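Accompanying notes for the structure given below.
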Amino acid sequence: MNKSKLLYALLLAVICSLSSLPSAAGRNATATLRLRPNTFKFHDCSAHKITLGGSVGSAPCPSVLQKSFSLTAQIDIQMFESDTEILSIDDILSVRLRQHDPKNIRRQNYPAGKMPDGSVPVLEAGIRLQLPADCTPVREGQPSVQEMVVGVPLALLKKPWGKHKLVLDFSGVCWNMYVDGVLVDRDYALGYPLQKEELKWKKDARAVLSAEVGAPGFIPTPAEKAGKVKVPVQYFTPRGHNAWVGDVATLWHNGRYHVFYLLDRRGHESKFGRGGHYFEHISTTDFLNWTEHEAAVPIEEQWETLGTGTPFVWHDSLFISYGMHTSRVWPSEKTSTPAQWEYIRENGESACIAFGNSSSSADGAVPSGASYSVSADGVTHFRKSYKLIHPAENPTIYTDRDGKLCMLANYGARGMWTSDRLDGGWHCLSENFPPGGDCTFIFRWGQYDYIVGGFTGMWMKRADEDSEAYTDMVKRGEDLYDGLSVPSICELPDGRHIMAGWVEMNRHWGGPLVIRELIQYPDGRIGSHFMSELMPKTGKTLKGEKAKTLSSEKSYLLEFDVEPSAAGGKLDLNMTSTQTGLACRWTLDSHERTARFENGKSLREGGRPQHATDYAIESLRGLDKPFSVRIILLNKPKFGGTLLDVEIAEQRTMTSHREGLDVDALQLEQQGLTVKNFRVSELDM
């Protein structure tokens, strides 16, 4: 091929790769996510039905009820002052109305739905489960029978008071609460109700108009069309007052950006404190229009709770690896882990153990370790392989530049592994590589290689150097951590690199999804800035003195320009709630090249940016000439406070969640730096 034809082919390839990405003209639109249906209809497959008549009653209890049942009730919720149990089935379940502490956001996060008077009435249902005798204890002295509670704040219902249809469904895997067909809460079971010969019940006839138990339980199917509901994708959290985004894994494949995330409820407290996580899936072709797909890796068994993995492409098919954190449910000696390690010691490579769609592998042990799912169409419709391929419970599987399968083993294993086939055959190349981290990601950008290690680790080397040359970027104060937990980095066809992660909120695991665009300096260091496609839509702009007084119920974008001085300087932005007295100070010091929330420390200094509270970032660039600052103040009832998201000189970002803080006043103090064009815009969120 002559030079002109070669240049034309290269130009055509670049144009084709860019055609699937958003144009600059379209980036002012709000990026939204189409959600899957959340309203359901129920197919009755009950072989046994029991009508709960009268204020008290009893009936023979079918044995099948222990494994699966549904309770359907017509209830009438009236205003109440004290906690009231409206229905109980002796030693099996309880349905109650109660007033929740408006300041208590732990676990269920009920204050996400407050009444106009600030009260938080809730509807709850608890099922009593007999835990397996030999399951892994979460805490010392835990009782053998525990109550698993689901619930909803009444303020989040379409109409809090009055008549509702309540469906409680125990499938043997899930404990679900539906109100008027809407799934409002879910937990993942461990154990079963006590076997009863007789079903005894009590109910408040004023609140429970009718009730019926059916066994086995219902089979729910969506009752509405997909895509009716759209929400902003930046700072996205799943539906539900207690539902959050956990560890994120991303990939660009065939013109589509995929985000897989571990769905978390209750801040890691589902499944009686064992997590109960599984992979949900959203994607986009242009970063403006996003789609929520069916779960990529759902929970199907009581022993399942899933850990972080990675999407990857192998033989032109789309896969996602994941780890089964079975040791959190069953002691390791009762799982497949000992047998897997024994096989590796004897054969020098991992086995492939098929366990089928069942609770145990061929040798009777409970499956644990690395597995994968594969997409049927290259986009969604993932199906589990039901194969164990390695003992790692957080497997980072990827294909290297030569198309070979590689794995960075985390949690339950370590080292770098490779295989010429996906199903087993994994042998260790280096026991001491990668250098650290729990959920480790590796990527190459131009002339540099990077490793990001979960919450706190980052290493870098030149691409032509050996693995021993990796430099600890945290020790140099030049890491990329900005308040995001377990960041995942993905390269786009136009050469851009995107980082996605989650922000811890209210001192528990899980939070909103946050996506950044990264920048690379000539020396290999990485910075970050807001992604233009994902910027929220702005409304009315306030300037001057009007910009200093805000509504605590709204969200805002703060923007200002900074003129530096040769000697450096400092500015403090104080964000205050005049009603509660709570405040947060953000400080930028151009002389020290640092930015911090309150007096927080950087990761190098021993700080903890992964908690997204008080911390610092250092080694800032771009402060020696005029630069801009943008700060998003995001106020959502579900957050229980304000999410602050900062961009400095379009080169570094940092985010912090301020529990209980509803900002209504701003004060800016300047020392040696001059602030110009200070303005505040309302956000349409």
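Position 1 is the first residue of the sequence; numbering continues from there. These values consider heavy atoms only, across backbone and side chains, with no hydrogens, waters or symmetry-generated copies. For clarity, every value in this text was computed on a predicted model and none was experimentally measured.
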Original post:
Residues two or more places apart in sequence or in another chain: which of them pass side-chain hydrogen bond (donor to acceptor under 3.5 Å, both in side chains) with Lys548?
Top reply: Glu545
Original post:
Considering only heavy atoms from C-beta outward, does the side chain of Phe627 approach that of Leu588 to under 4.5 Å?
Top reply: yes
Original post:
Less than 4.5 Å apart, any side-chain heavy atom of Val233 and any of Val259?
Top reply: no
Subject >> Glu292 side chain to Arg36 backbone, donor-acceptor under 3.5 Å >> reply: yes
Original post:
Under the salt bridge (Lys or Arg N to Asp or Glu O under 4.0 Å) rule, what pairs show up with a residue in residues 152-164, not counting sequence neighbours?
Top reply: none
**OP:** Please report the closest heavy-atom contact between Asp482 and Tyr615, naming both atoms and the distance.
**Re:** O-OH, 2.8 Å
Original post:
Can you check whether Asp664's main-chain N or O pairs, donor with acceptor, with Ser552's side chain at less than 3.5 Å?
Top reply: no
Subject >> For Asp180, side-chain hydrogen bond (donor to acceptor under 3.5 Å, both in side chains) partners two or more places apart >> reply: His164
**OP:** Among residues two or more places apart or on two chains, list those pairs meeting salt bridge (Lys or Arg N to Asp or Glu O under 4.0 Å) that have a residue in residues 633-645.
**Re:** Arg516-Asp645
Subject >> Partners passing ring pair (Phe, Tyr, Trp, His ring centres under 6.0 Å) against His508 (at least two apart in sequence or in another chain) >> reply: Trp244
Subject >> Closest approach of Ile526 to Met458 (non-hydrogen atoms, all atoms of both residues) >> reply: CD1-CE, 4.2 Å
Original post:
Got a sec, which residues hit ring pair (Phe, Tyr, Trp, His ring centres under 6.0 Å) with Phe530, two or more places apart in sequence or on another chain?
Top reply: none
Subject >> Inter- and intrachain pairs under salt bridge (Lys or Arg N to Asp or Glu O under 4.0 Å), touching residues 593-617, at least two apart >> reply: Arg585-Glu598, Arg604-Glu618, Asp614-Arg658
**OP:** Evaluate the ring planes of Phe639 and His657, with Trp represented by its six-membered ring, and classify them as parallel (under 30°), tilted (30 to 60°) or perpendicular (over 60°).
**Re:** perpendicular
Subject >> Ser88/Ser94 under side chain to side chain donor-acceptor pair (under 3.5 Å): CA gap, chis, key distance, verdict >> reply: CA-CA 4 Å; Ser88 67; Ser94 171; over 6 Å; no
**OP:** Could you tell me whether a side-chain N or O of Asn38 sits under 3.5 Å from a main-chain N or O of Val182, the two making a donor and an acceptor?
**Re:** no
**OP:** Spell out, as yes or no, whether a donor-acceptor pair under 3.5 Å connects the side chain of Ser619 to the backbone of Gly477.
**Re:** yes
**OP:** Classify the side-chain pair Ser119/Asp117 by whether it contains a donor and acceptor separated by less than 3.5 Å.
**Re:** yes
Subject >> Closest non-hydrogen atom pair, Gln99 against Asp83 >> reply: N-OD1, 3.2 Å
Original post:
Taking only residues two or more places apart in sequence or in another chain, which ones pass side-chain hydrogen bond (donor to acceptor under 3.5 Å, both in side chains) with Gln651?
Top reply: Tyr521
Subject >> Nearest heavy atoms of Trp175 and Ala125, plus distance in Å >> reply: NE1-O, 3.4 Å
**OP:** Go through the structure and list residues passing side-chain hydrogen bond (donor to acceptor under 3.5 Å, both in side chains) with Asp561, not counting sequence neighbours.
**Re:** Asn677
**OP:** Provide the closest heavy-atom pair for Trp502 versus Gly510 in the form atom of the first, atom of the second, distance.
**Re:** CZ3-N, 3.0 Å
Subject >> ring pair (Phe, Tyr, Trp, His ring centres under 6.0 Å) involving Phe272 - partner list, sequence neighbours excluded >> reply: none
Original post:
Got Met177 and Leu166 here, is their nearest side-chain heavy-atom distance under 4.5 Å?
Top reply: yes
**OP:** Taking the side chain as every heavy atom from C-beta outward, state whether Ile86 and Leu97 have any pair of such atoms under 4.5 Å apart.
**Re:** yes
Original post:
Would you say Arg630's side chain and Glu647's backbone share a donor-acceptor pair under 3.5 angstrom?
Top reply: no
Original post:
Do the side chain of Asp187 and the main chain of Lys271 share a donor and acceptor less than 3.5 angstrom apart?
Top reply: yes
Subject >> Exercise: identify the closest heavy-atom pair between Leu603 and Thr456 >> reply: CD2-O, 3.2 Å
Original post:
Does the pair Asp572 and Thr587 meet the rule for a side chain to side chain donor-acceptor pair (under 3.5 Å), with working shown?
Top reply: CA-CA 5 Å; Asp572 291 313; Thr587 301; 2.5 Å; yes
Original post:
What do the steps show when you test Tyr556 against Glu682 for side-chain contact (heavy atoms from CB on, under 4.5 Å), and what is the final call?
Top reply: CA-CA 5 Å; Tyr556 296 92; Glu682 295 179 0; 3.6 Å; yes
Subject >> side-chain contact (heavy atoms from CB on, under 4.5 Å) between Arg274 and Val138, intermediate numbers included >> reply: CA-CA 7 Å; Arg274 293 164 177 83; Val138 175; 3.5 Å; yes
**OP:** Only pairs at least two apart or in different chains count here, so list each salt bridge (Lys or Arg N to Asp or Glu O under 4.0 Å) that has a residue in residues 497-508.
**Re:** Arg507-Glu659
Original post:
Listed by chain and number, what are the ring pair (Phe, Tyr, Trp, His ring centres under 6.0 Å) partners of His293, not counting sequence neighbours?
Top reply: His281
**OP:** Indicate yes or no: at least one non-hydrogen side-chain atom of Thr655 is less than 4.5 angstrom from one of Tyr235.
**Re:** no
**OP:** Without swapping roles, check the side chain of Asp589 against the backbone of Glu592 for a donor-acceptor pair under 3.5 Å.
**Re:** yes
Original post:
Between the side chains of Thr541 and Ser681, is a donor N or O closer than 3.5 angstrom to an acceptor N or O?
Top reply: yes
**OP:** Ignoring hydrogens and angles, tell me if any N or O in the side chain of Thr32 forms a donor-acceptor pair with the backbone of Val231 under 3.5 Å.
**Re:** no
**OP:** Check the pair Gln108, Arg266 against side chain to side chain donor-acceptor pair (under 3.5 Å), reporting the backbone distance first and the verdict last.
**Re:** CA-CA 5 Å; Gln108 284 287 76; Arg266 302 171 185 84; 2.9 Å; yes
Original post:
Would a 4.5 Å heavy-atom cut-off, applied to side chains only, mark Leu633 and Ser555 as touching?
Top reply: no
**OP:** Indicate yes or no for a side-chain donor-acceptor contact from Thr305 to the backbone of His325 under 3.5 Å, with no hydrogens or angles considered.
**Re:** no
**OP:** Could you tell me if the ring centre of Phe40 sits under 6.0 Å from that of Tyr178?
**Re:** yes
Original post:
Between Trp509 and His268, how do the two ring planes meet: parallel, tilted or perpendicular, split at 30° and 60°?
Top reply: perpendicular
Subject >> Beyond-backbone contact of Val179 with Ile75, side-chain heavy atoms, under 4.5 angstrom >> reply: no
Original post:
If only atom types and distance count, is the side chain of Asp185 paired as donor or acceptor with the main-chain N or O of Val152 below 3.5 Å?
Top reply: no
Original post:
How long is the span from the CG atom in Asn635 to the CG atom in Leu644, to the nearest 0.5 Å?
Top reply: 10.5 Å
**OP:** For residues Ile498 and Thr250, determine if any side-chain heavy atom of one lies less than 4.5 Å from a side-chain heavy atom of the other.
**Re:** no
